[in-house]
Student: 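Have a look at this one before I ask anything.
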Amino acid sequence: EDKKFTVAYIAPSLDIDYWQWVAHGVQQKAKDLGMNYVEYTSENSPAKQMDNARVAVTRGVNAVVIGPVSSTSTPPLLAYLAQQKVPVAFAGIGPQPGQTNYTSSVTANNYETGLAQGKYTCELAKERGGKEVGMLSLPQDRENAQKYLKGAKEAFQANGCELVQMLETKGLTINEAVTQANDLLTAHPNVKAIYGMYDQAGSGAAKALATRGLTGKVGVTVADGSPTTIQLLKDGAIQGIFFQEAVGQGIDATEQVYKALKGEKTTQNMALVMPLVKAADISSDAAKKVIARVFPQ
Amino acid sequence: MLDADLPLLSVRNLQKSFGATRVLRGVNFTVRAGQIHALLGGNGAGKSTMIRIMTGGIRKDDGEIMLGSQRGAEPKIAIVHQELALVQDLSVAENIAMVHATAGLTIVRAGQRAELAYNALALLDPHLARSALHRKAADLSMHEGQIVEIARALSIGADVLLLDEPTANLTAGETERLFAVLRRLVRETGIGIVFVSHRMKEIRQLCDVCTIIRDGLTVVDATPLDSLTDNDIMQQMGQPGAREVAHSRRRFDMAEAGLVLKGAEAVIPIHKGQILGLAGSPAGPSQVIALLNGTGRSSSWSLDAKGWPARPASPRDAVALGIGYVSGDRRHKGVLAQLPIVDNVLASRRVREKRYMVRASERRECLDLVHALKLKAGSIRDLPSTLSGGNQQKLLIARWLGMSLRLVVFEEPTRGVDIGTKRDIYDLIRRMAEEGTIVVWWSTENVELLELCDEILAFDTDGRVKGLLPHDRFNEDALADLTGMAA
Amino acid sequence: MTSNDSLPPAPRAPSILSAYRSEMAIAIACIALLVGVGIFVPAALSAGNFANILQASAPLVIMSLGVLVVIITGGIDLSVGSIFSLTGMVTALAMANGFGDVSASLAGLGVGLVFGSINGALITLVGLAPFVVTLITYAVAASLAFIVTNGRSLGVDSPDYWLFNSGQIIPGLPNFVLFCLLFTVALEFVLRKVTAGRWFYSVGSSPMAAYLLGIPVKRTRFAAYVISGTMASFAGLLTVSYILNAEATAGASLMLQAIAAVVIGGASLSGGSGSAVGAVLGALMITIIQNGVNLIGINSFWQGSVTGLAILVAVLIDRFSHR
Amino acid sequence: MTSNDSLPPAPRAPSILSAYRSEMAIAIACIALLVGVGIFVPAALSAGNFANILQASAPLVIMSLGVLVVIITGGIDLSVGSIFSLTGMVTALAMANGFGDVSASLAGLGVGLVFGSINGALITLVGLAPFVVTLITYAVAASLAFIVTNGRSLGVDSPDYWLFNSGQIIPGLPNFVLFCLLFTVALEFVLRKVTAGRWFYSVGSSPMAAYLLGIPVKRTRFAAYVISGTMASFAGLLTVSYILNAEATAGASLMLQAIAAVVIGGASLSGGSGSAVGAVLGALMITIIQNGVNLIGINSFWQGSVTGLAILVAVLIDRFSHR
Ligand SMILES: Nc1ncnc2c1ncn2[C@@H]1O[C@H](COP(=O)(O)OP(=O)(O)OP(=O)(O)O)[C@@H](O)[C@H]1O
Ligand SMILES: Nc1ncnc2c1ncn2[C@@H]1O[C@H](COP(=O)(O)OP(=O)(O)OP(=O)(O)O)[C@@H](O)[C@H]1O
Ligand SMILES: [Mg+2]
Ligand SMILES: [Mg+2]
C-alpha cells in the first residue's frame, strides 16, 4: 500500500463512557489494520453530526464508523456519505429501518436483551419473595432505551412481575441514579428487584441499597458493564450484568469498513447478543473473554 | 487653635487627558487650614477631575500632589461627589457607617451604626435623621440623598472636605443650614474646605478665597473673593458677563387659551407662552410635574384643557400631547447613557413626530442643535458619559428645542450648570415661551425663578400650596417666607 | 467680550468605517484563524470547507441575531435552545400527521412566537427578571420537546422539504446563505436606521430615561423576546430541513453558543450595545473554531478547552483594542 | 444652629422577623409542596424521605451558597458545574495515584480555588464580563474533567472516605448536614454582620458608589469568585465521598439549578440582594420538587415542565407578596 487509509469515528456525545469504549475499539482495530484514526463528537445534535461528516470528508477520511445521535437522523447522512463514496458502519445504534446504503451495522440486540434482563430481574424479585420491580431507565428518547423497555415489559408480564415505577435519568450520572433509586425505594418499599438500563443506574441502585442495608435483599441487574459494576457484582451488590460489547462493536464496525475499502465481502447487519454474567461466573475464562470486548483493559 | 496658613493639600502642575482631550494642562491648587476655598470654572473645566485625582479616584498623567496636616500624619480627606455616591440597596444608616469601617473583617454592630448615622444626619436635618435611617438609599429623593451624602462626609472628621456641587440638589433652606454647619466646622476645628458651585450668591455667602481654572490651567490662584467683582470672576472663567440690559418683560397673551391646573387647594389658569415657576422643596412641585409628564397616575392634581385628558396616562401620552420634560436628575431620568449624542438629542423628536426611520438629515439637525447650545463635545457619536455635567444637561434641553410643543416641564434644569450656560438656558426657555409654549419650571433657586417667571406657585415644605405670586409682587423675601425657606 | 470666540469646535460627524471598527477586528480574527488552520490542513481553505462552515453556522447565525436583540435591551434569553428543539419536533410531528410543508413550518414558527410572547409577557407585564423567566421557559420547552413525541426522534418524509434549507431561490446561492444574509442586513438596518430599532438600545441603556421620553418600553422589550423566540424557531426549521430529522436534544448546546456569539460580537450583557454584523461574525468565529478543531483532528476531550481559550483570546483582543 | 439634645433617640432597626419575610414564604412553599406530595405518596413525609432530600440537596445547597455570593456582587458564575466535576476527577485521580484522603481532597479543593481565582482575575483585572469569563472556564473545566483521566470514570478505593460525607463528627448528625448548616450560618453571618460581607452587597448594588466610598471593589469581586469556585469544589468532594466514584459529567446539570436556587431564594440577578438562608431554601425547594416528581412517578419528560412551573409559581408569589 502506498497510502494509509483514515477512519473517522463520530460519537453521539461524551456523556457516557460507552462511546469512549467504542472509540477505543475503533482506534485499536484501526491501528491493527494500519489505518489512521480521527474522532468527532456530535453533542447529541443531528446538525453537528452532519457537519462532522462533512468535515471528515473535507479532511479526506476514507471510512466512517458512527454512533448516530438517533436512527432517524441517519438518512441525509447516509445519502451524503454514499454520494462521497465513503463506506460507513454503525456501532451501538443502527440506521433508520429501511435504509440500505451503508456498509454495516453493529449493534446490540436491545429488544432481546430487554427480554432476557426483564426475565432475570423478575426471577430475582421472586427469589426475594415479591413481584414488584422498579426500573432506572435511559432517557426514552433513545431507540435502544425504547427497545430495552419493550422487551423488559413483555418479560415482566410473561413472568408475573409488576413494573411499579420507571424513572428516567437526564444526566446519566451515578449521583442522579442514587437519588432516583432512593426515591423509587421510598415510594415503593416492596420493590424486590431493580432493572438498571445503563451502567451508572446499576451503581446508583447498589449504592442506595447499601445505605439502606438492603444489599442483596433487593436484586439488581444492569446493562453495559464497567469496572465499577464488575466490582459491585463481585461484592454481591449486583446480581447480574448484561454486557454490551462496546469495544467489540468498535472493532467489528472498523473491520467491516476496512473490508469495504479493500473490496472484500461485508456483513450488513450484526446484532450482537448481550451475554449475562452472574457473580459466580465473573472470574471464568468465558467471562474474561466477554469483558475484553466491553471496555479497554 | 490652628495655623491658618498651613497647606493641607496641594497640587502642582497637574495634568490629565482623556484620550485626545487634554482636560488638565498644569493646574495648581492649594487647600489651607481654616479656609473655605471656592473652586470655580465653567462646565467641563476639570474641577471634578481634579478633585477625583486628589482623592485617588482617577490617576493623574503628570504633576505633584502634596499632603500636609496639622496633626502631623496624612490629612484625612472627605469628599462629596458631584454625582451621588450612595449604595442603592443599603440603608441610609449603612451608607453612612460604611466609610467608617475600612477593615473588611470587622463585625457590624447595628446599634452603633444607627447611632453614628443618626448623629451625622441630625447635624444637618433632624427630621431626616428621625425618619430615614432604615430606608434604602434607592428610596430617597435626590435632595435627601444629597443630605445623606454630605452628612456622611462630615461624619468622618476629615481635615479636608472636598464638596463638589453639594448644593446643586438642595433647597435654599437646606443650603442655609449646611452653610451654618460648615462655617462652624471651620471655625471650631480649623479644617480646610473646598467648595464647588455654579451659584455666585452662595459662593460669596460662604467662601473666603477662590481659585478659577479655565482651559486646563489655573487662572486665578487662591485670591480673596472680596478683591474680585462678579464680572471679574466670570471673565476669568471665560463666561459672558452679566447682561447689562435685562430682557424686557414680554407679555403673554391673556386671551390665548391655555390650560387650567386643578389641585385640591388651588385652581391655576396658565396662558399660552407663560412661564410658571414652582417654588419650594420637592414634595409639592413633584406632584405637579408628575401630573404633567405622565407619571402621576394618582397625582392630586389634574388638568383642564381643550382636547386634553385630565391626566396624561403615560409619558408617551404626554409627549403625544405635546408636553416636553427635562429633569435635572440626568443620570436616572435623562441621558441614554450608552447611546451617542445624536440619538440622545433626537429620541424625543422621533417619538413626538412619529418618525419611523432614522433620517440622514438628522445628523445635520443634531449638529445644528448642539452648535446652537454651544455643547462641548468631540463628535456627535460620543457617549454622554464623556461630557461634563453641564453639557449633559444641555443635551437634555436640546431634545425639545425647535419642536412644536404646547408645554415643557423643567425640573431643575440648571442643576450643576455653569453661569454662562445657565444664561443660555434661560434664553432658550424664554425663546420657547415666546414661541407660545407654556413653560412649567421648578427650581430650588428662588433667584432664578424670580428672574425668569411670569408667575410663581409656592409650596411649603410639606407640599401644600402656599399661594400664587403674580409678577408684580415678585420679591425674594416674600418668596422665601412662602416656601418656608427663610434663612 | 464676544461670546462667539469661545464657541467650541463643531462636533464631527463620524465615518461609517469607524463605526464598524470592532467588527472589522473580529472579521480579521476569523480570517487569521482560518489561515492558521489552513497551515496545518490545507483543505481548510477549500471552497468545500467554506461551504461546510456556512452550512454549520447558519442556525447559530440566525439564533444569535435574535438573542442579540434581547441582549441589546439589557435582557437575556436562555430559552432559545429549547425553542429550537421544540420547533423541530412540532414541525416534524405536524408533517407526520399529514400537514403540508408550509403549514407544518408555520406551526413550528408558532412555537417561537408563543414562547417568545410568554417570555415577553412575564418580563414586561409581570415584571419578572429575564434570566428567571427564560430559565423557566427553557426548562418547559425542553421538556415539551420530549413530551410531544414521547421522546422519539422523528424523520421528515416530505421529499421536497430540504429545498427550504438547500434549495436556491437565487440560483447559485443556497437558501440558508440567503436567509442569513437577509436577516443580517434587515436587522442591521432596523437597528441602525429604524426608530424602533434605536428603541432597543435606549431601553437597554437607560430604561427610566427611555420611559420618560415616551418610548414604549414594555412594547419594545416584549418585541425583543418575540423576535428572539421566532428567530430561534426559524433556526430550528432550517436545521430540520437540512437534516430531515427532528431531535428533542438538537438545540441543547446552542443557547450558550448564541450568547457567546453575541458577546464576541461586541455586545455588552448589560444592554445598550451590539450590532447584527458583530453577532454574525461572532457566530462565524465559533463555527470556524469548531471546524478548525475538527479539521486538525484535536481529540474531542480537548475541544471544549480549545474553543474556550479561543473565545478568551477573541475577547481579550477586543478588550485591549478598545483601550 | 443649636445642639440636638432635645431630639428623640434614633429609631430602632426593623425586626429580624420582617427581615426574613420572603424566606419564610419560601419555607412555607417547601412545606406545602412536601405535604402536597404526601397526599399522593404518604412515604414522602417519612423520616427516610427527609433523609433522602437532605442527602440529595447537600451538594446543591453548598454550591448555591457560593453562587449566591457571586450573584450578590452582580456577577454570575457558570463554571461551578464543571468545577464540581473536575474536582471529583482530580480527587479520585490523586487517590488512585497514592495520595491520602486529606491531601487528595485538598488537591480537589485546589481546583475550585484555581478556577475561582482565574475567574476573579479575568473579571476584575482584565475587566471581562462575568458571563463570558465563566462561560469560558465552564468549557475549559468541563473539558479538563475528561482529559485528566482520558474520559474514564474513577472509583475511590479508600475505605474511610465515605466518612467525610456520612460520618458523624457530632453524633446523630451526619456530616453532610453539619456542613450545610455550618456553611449557611457562617455565610449568613458574614453577609449580615461582617463589613466585608456588606461589601458584596455594595459592589453588586452600586459599583461606582462603592468604588468612590473606598470599598475595595476589585478585591471584593475577586473574593466572590474564589468563594464560589471553592464551594463548588467542596460540593464536588462531598458527592465523591458519598458515591465513592468520580465522573466527568457529574456536575453538568447543577449550574442552572444553583442559579435557580439563588433566584428562588429571593436574590436579584442584577446584584445587591439575596440571603444565604434564601438560597438554601431555594436549593431545598428544587430538590423537593424533583423528589416529589420521582415519588409520584411522573414521567420524567414532565420533570422539566413541573420544575419550571414550580419555579414560576415561587417567583410569582414572591413578586406579588412584595407589591
Ligand atoms: N471618563 C471620561 N472620558 C472622557 N472624557 C471625560 C471623562 N471624564 C471627564 N471627561 C471630560 O473632562 C472634562 C472635564 O470634566 P469635569 O467633570 O472635571 O468638569 P467639571 O469642571 O467638573 O464640570 P462641571 O461643572 O460640569 O461639573 C470634560 O470636558 C469632560 O468631557
Ligand atoms: N410611574 C412610573 N415611574 C417610573 N417608572 C415607571 C412608571 N411606570 C412605569 N414605569 C416603568 O416604565 C416601563 C414602561 O411602562 P409603560 O406602561 O409606559 O410601558 P409601555 O411601553 O408604554 O406599554 P404599552 O406599550 O403596553 O403601552 C415599565 O416597565 C416600568 O418599569
Ligand atoms: Mg464637575
Ligand atoms: Mg403605555
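Letters A, B, ... mirror the listed sequences (proteins, then strands); counts begin at 1.
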Student: Please classify the contact of Q180(A) with chain D as side chain, backbone, both or neither, using a heavy-atom distance under 4.5 Å.
Tutor: both
Student: Can you tell me how far the OG1 atom of T173(A) sits from the CD1 atom of I243(D), to the nearest 0.5 Å?
Tutor: 8.0 Å
Student: So for N291(D), is it side chain, backbone, both, or neither that comes closer than 4.5 Å to the heavy atoms of chain A?
Tutor: both
Student: With heavy-atom distances below 4.5 Å as the criterion, would you say the side chains of R152(D) and F295(A) are in contact?
Tutor: no
Student: Take a 6.0 Å sphere around CG of D32(A) and say whether it holds more than 12 heavy atoms from other residues, nucleotides or ligands.
Tutor: yes
Student: Heavy-atom distances under 4.5 Å only: say whether S153(D) touches chain A with side chain, backbone, both or neither.
Tutor: both
Student: Can you pull out every salt bridge (charged side-chain N to carboxylate O under 4.0 Å, His left out) where at least one residue sits in residues 223-250 of chain A? Sequence neighbours excluded, please.
Tutor: E245(A)-R293(A)
Student: For chain D, which residues from residues 183-194 of chain A have at least one heavy atom closer than 4.5 Å to it?
Tutor: D183(A), T186(A), A187(A)
Student: Nearest 0.5 Å please: distance from the CG atom of N245(D) over to the CD atom of Q200(A).
Tutor: 8.5 Å
Student: If you count heavy atoms of other groups shown closer than 6.0 angstrom to CZ of F40(D), is the number above 12?
Tutor: no
Student: State whether the number of non-hydrogen atoms from other residues, nucleotides or ligands found under 6.0 Å of Q168(D) atom CD is greater than 12.
Tutor: yes
Student: Which residues, numbered in order, of residues 51-62 of chain D come under 4.5 angstrom of chain A by heavy-atom distance?
Tutor: N52(D), A56(D)
Student: Taking side-chain hydrogen bond (donor to acceptor under 3.5 Å, both in side chains) as the test, write out the residues that go with Q239(A), two or more places apart.
Tutor: none
Student: If you round to the nearest 0.5 Å, how far is CD1 of I174(A) from CD of E247(D)?
Tutor: 4.0 Å
Student: Using a 6.0 Å cut-off, check whether atom OH of Y138(D) has over 12 heavy atoms from anything other than its own residue.
Tutor: no
Student: Counting only heavy atoms closer than 4.5 Å, note whether I296(D) contacts chain A via side chain, backbone, both or neither.
Tutor: backbone
Student: Within the distance-only criterion (no hydrogens, no angle test), does the side chain of K207(A) pair as donor or acceptor with the backbone N or O of Y242(D) below 3.5 angstrom?
Tutor: yes
Student: With chain D as the partner, which of V164(A), T179(A), N175(A) has the greatest number of non-hydrogen pairs under 4.5 Å?
Tutor: N175(A)
